[in-house]
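For the numbers below, each heavy atom of this structure counts, side chains included, while hydrogens, waters and symmetry mates do not.
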Amino acid sequence: MNTAIIGCGIAGLTAALELAERGISVELITKEVDPLESNSYHAQGGIVYVSREDSPELLVADIMTANGNTGDKAIAHLVATEGPVAVRELLIERYGVPFARDGHGELCFGGEAAHSTRRILYIKDATGEGIVRTLYAHAEKHPLISIRRRTMIAGIAVKGKRAVGVYTKEDDGDVAALPADAVILAAGGLGQIYAHTTNPRSATGDGFALALRAGALLRGMEYTQFHPTTMFDPRTNNALVSEAVRGEGARILAKNGDDFMPSYHPAASLAPRDIVSRAIALELVKRNEGYVLLDCRGISADMLRDRFPHIVEKALAAGVDITTTPLPVVPAFHFSCGGVAVDEHARTAVSGLYAVGEVSSTGLHGANRLASTSLLEGLTFGRRAAQDIAEQKFMRSTPAIAPWHDNGSRVPEADMITQDWTSIKNIMWNCVGIVRGRRRLARAVHDLTHVRAAMGRYYAGAKKNRSLLQLENALTTASAVASAANDNRVSAGCHYRID
């Protein structure tokens, strides 16, 4: 029995290790040269655990409060109970992830916005990097895990409403069929469909598009979460400033020093992300200014340098010493709360096809995600998907896969690919952004339809290389987000409609 896993973030790596431990061979596939590259790797803040003063019930309450009771409470309870167990059993005990500890060897807990207690495990301001590096090191050594780098997924092979493998394309090679008894989509996010994003270049919406073409369902795609604080400097390219910085005492201020956040929410700078991002966006329009300030001077300089060394370093590269000077920040796209619809076992509507991590929609986040629950969700459902696959005896006979036919003869021009990317990014940022309205959403659907028609004509006869495959995936995903946002007239969470 074998499983193909697309993506090397926390969800994909967890699933791979869990399957391998059960004697199932795994093809772990990434399109990147560096297999660590993922949204998980770039996660700064941390992963939710349960401290002595905490309880699963309190965590569920915080999750549901943050999403305005739009999420699935049963799934929230599942994650709040199973998630911390997985953190302890897998990350702490089995794999030894080096979370921060105090002088007595006890785990340190950080605080973040919208959490009612300090429950976040962290590794300075590079928690995702520490987790992914640790898990990948174990996956790389496991004899049942084969890792394919620089391999794009052109499509998911489906036969009789069942996933039977994937079509792979290495950088300069032809498309090849890879049979598999099960396929796990762990392909990450969609940030590159927006002009401004915290996501790495790899987040081109591949998993959403692949699932849709395979016959799976998408839900909640309109719930695109924007992070309130990224550095306002072209040299840093929307570098993320973790919510944990505000959890430790930083405040958001206007350029003139006004503390405007209390007028938007009682928790002020510690309000849920959607509220903070929206407040900043509205203030920028009202004040006709380009950025707000993140004032970290309420945190000691030693604490900033010890707890957030990478953020301090990136700010210095942009010319700001955050120990003495407020940092200019703006919102940027950060996380997709919707995705491929799955059940409590991470199964999609296509038999044998699973989705885990950001590409999936478990129901946990609803219209808005609580900070530091994404890594926890990926860990929990990566484990659950592996457990379910191991129990599915019917998958042990994989039918043959039909060959992939790419009749393209010319290489797509890089400058035209860039032009179409820019069109998609600008349409999404201007029309399907933090604050939305009927006319702009309708314009987005219309304009993306036009881009699709123009691309269809222009790239007819072009070879399906990585650049073109990613562009087509991005357009499919952007269209799904825009259509869902246009269709949903109910304003909730990070889908905020002024009409």
Next on the checklist: Go through it in stages, so that I can follow the logic: the residues are R384 and E344, the test is salt bridge (charged side-chain N to carboxylate O under 4.0 Å, His left out), and I'd like the CA-CA distance, side-chain angles, deciding distance and then a yes or no.
Outcome noted: CA-CA 8 Å; R384 282 191 144 246; E344 69 273 19; 5.9 Å; no
Checklist entry - Can you check side-chain contact (heavy atoms from CB on, under 4.5 Å) on H495 and N488, steps first, answer last? => result CA-CA 9 Å; H495 174 57; N488 187 352; 3.7 Å; yes
Checklist entry - Step by step, would you call W429 with K425 a side-chain contact (heavy atoms from CB on, under 4.5 Å)? => result CA-CA 6 Å; W429 183 257; K425 286 172 175 282; over 6 Å; no
Next on the checklist: Evaluate I145 against L17 for side-chain contact (heavy atoms from CB on, under 4.5 Å), listing each step before the verdict.
Outcome noted: CA-CA 8 Å; I145 299 176; L17 287 164; 4.1 Å; yes
Item to check | Criterion side-chain hydrogen bond (donor to acceptor under 3.5 Å, both in side chains) on H77 and E57, from CA distance to verdict | outcome: CA-CA 7 Å; H77 186 265; E57 291 72 26; 4.5 Å; no
Next on the checklist: Run E377 and H365 through side-chain contact (heavy atoms from CB on, under 4.5 Å) and show every step you take.
Outcome noted: CA-CA 10 Å; E377 180 191 37; H365 306 303; 2.8 Å; yes
Item to check | Stepwise ring-ring contact (aromatic ring centres under 6.0 Å, His included) test for F226 and F335 | outcome: CA-CA 7 Å; F226 294 79; F335 186 87; over 10 Å; no
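Nearest heavy-atom pair across P403 and Y167 is C-CE2, 4.2 Å. Scanning both residues, A385 and V356, for their nearest heavy atoms gives CB-CG1, 3.9 Å. Taking all atoms of both residues into account, the shortest heavy-atom contact from I123 to P98 is CG1-O, 3.4 Å. Closest of all the heavy-atom pairs between E222 and A484 is OE1-CB, 3.4 Å. Nearest approach of S242 to G45, heavy atoms of both residues: OG-CA, 3.4 Å. Among all heavy-atom pairs drawn from V350 and A216, the shortest one is CG2-N, 3.6 Å.
For the side chain to side chain contact (heavy atoms under 4.5 Å, CB included) with V87, the qualifying choice from V48, V50, L121 is L121, the only one to do so. When the options V481, L448, I193 are evaluated for a side chain to side chain contact (heavy atoms under 4.5 Å, CB included) with V432, the one that passes is V481. When each of E140, E37, E170 is tested with R149 by the rule salt bridge (Lys or Arg N to Asp or Glu O under 4.0 Å), just one qualifies, namely E140. Partner Y49 forms a side chain to side chain contact (heavy atoms under 4.5 Å, CB included) with one of I92, I120, D54 and no other, that one being I92. The side chain to side chain contact (heavy atoms under 4.5 Å, CB included) test with I184 is passed by exactly one of I29, I389, I6: I389.
With hydrogens and angles disregarded, no donor-acceptor distance shorter than 3.5 Å links the side chain of S483 to the backbone of A480. Formation of a donor-acceptor pair under 3.5 Å by the E358 side chain with backbone atoms of S336 is found in this model. Of the possible donor and acceptor atoms, one in the side chain of Q225 sits under 3.5 Å from a partner among the backbone N and O of R369. Side-chain atoms of T81 come within 3.5 Å of backbone atoms of L78 as a donor-acceptor pair (strictly under, hydrogens ignored). Counting only distance, with no hydrogens or angles, the side chain of N199 and the backbone of H334 share a donor-acceptor pair below 3.5 Å. Under the 3.5 Å distance criterion, the side-chain polar atoms of N2 are left unmatched by any main-chain donor or acceptor of V26. A donor-acceptor pair under 3.5 Å links the side-chain atoms of T348 to the main chain of L353, judged by distance alone. In terms of modelled atom types and a separation under 3.5 Å, the side chain of T229 and the main chain of V241 share a donor-acceptor contact. At least one donor-acceptor pair under 3.5 Å links the side chain of T197 to the backbone N or O of F333. Looking only at distances, no side-chain donor or acceptor of T14 sits under 3.5 Å from a matching main-chain atom of R383.
With hydrogens and angles left out, the side-chain atoms of K31 and Q470 include a donor and acceptor closer than 3.5 Å. If you check the side chains of R219 and S361, you find a donor sitting under 3.5 Å from an acceptor. In summary, the side chains of Y458 and E413 do present a donor paired with an acceptor at a separation below 3.5 Å, with no hydrogens or angles considered. A donor-acceptor contact closer than 3.5 angstrom is absent between the side chains of N368 and Y223. Side chains of D206 and T204: a donor on one and an acceptor on the other come within 3.5 Å. Under the 3.5 Å distance criterion, with hydrogens and angles disregarded, a donor-acceptor pair is assigned to the side chains of E112 and S372.
For the atom pair OH of Y41 and OG of S202, the computed distance is 12.0 Å after rounding to the nearest 0.5 Å. If you take CZ on F381 and CG on D343, they are separated by 8.5 Å, rounding to the nearest 0.5 Å. Atom CD1 of residue I47 and atom CG of residue L375 lie 5.0 Å apart, to the nearest 0.5 angstrom.
A salt bridge between R347 and D388 is present, with a side-chain N of the basic residue lying under 4.0 Å from a carboxylate O of the acidic one. Salt-bridge annotation for R466 and E32: present, with a side-chain N of the basic residue lying under 4.0 Å from a carboxylate O of the acidic one. Under a 4.0 Å N-O distance rule, the pair D62/R119 qualifies as a salt bridge. A salt bridge links E106 with R52: the distance from a Lys NZ or Arg NE/NH1/NH2 to an Asp or Glu carboxylate oxygen falls below 4.0 Å. Ion pairing of R94 with E18 is present here, as a side-chain N (NZ or NE/NH1/NH2) and a carboxylate O approach within less than 4.0 Å. Checked for salt-bridge contact, K464 and D406 miss the test: no charged N lies under 4.0 Å from a carboxylate O.
Between T476 and F208, the closest side-chain pair of non-hydrogen atoms is not below 4.5 Å. Side-chain contact between K159 and I401: absent, with no pair of heavy atoms (C-beta onward) separated by less than 4.5 Å. When side chains are defined from C-beta on, Q44 does not count as touching V245, because their heavy atoms never get closer than 4.5 Å. With contacts defined as side-chain heavy-atom distances shorter than 4.5 Å, the pair H42/N39 does not qualify. Counting only heavy atoms from C-beta outward, the side chains of T3 and I5 approach each other to under 4.5 Å. Side-chain atoms of W421 and L475, non-hydrogen and from C-beta on, never get closer than 4.5 Å to each other.
The local environment of CZ in R213 is crowded, with over 12 non-hydrogen atoms from other residues, nucleotides or ligands closer than 6.0 Å. At most 12 heavy atoms of other shown residues, nucleotides or ligands fall within 6.0 angstrom of atom NZ in K314. Atom CZ of R150 has 12 or fewer neighbouring heavy atoms from other residues, nucleotides or ligands inside a 6.0 Å radius.
Taking the six-membered ring for Trp and the full ring otherwise, F109 and Y122 have centroids separated by 6.0 Å or more.
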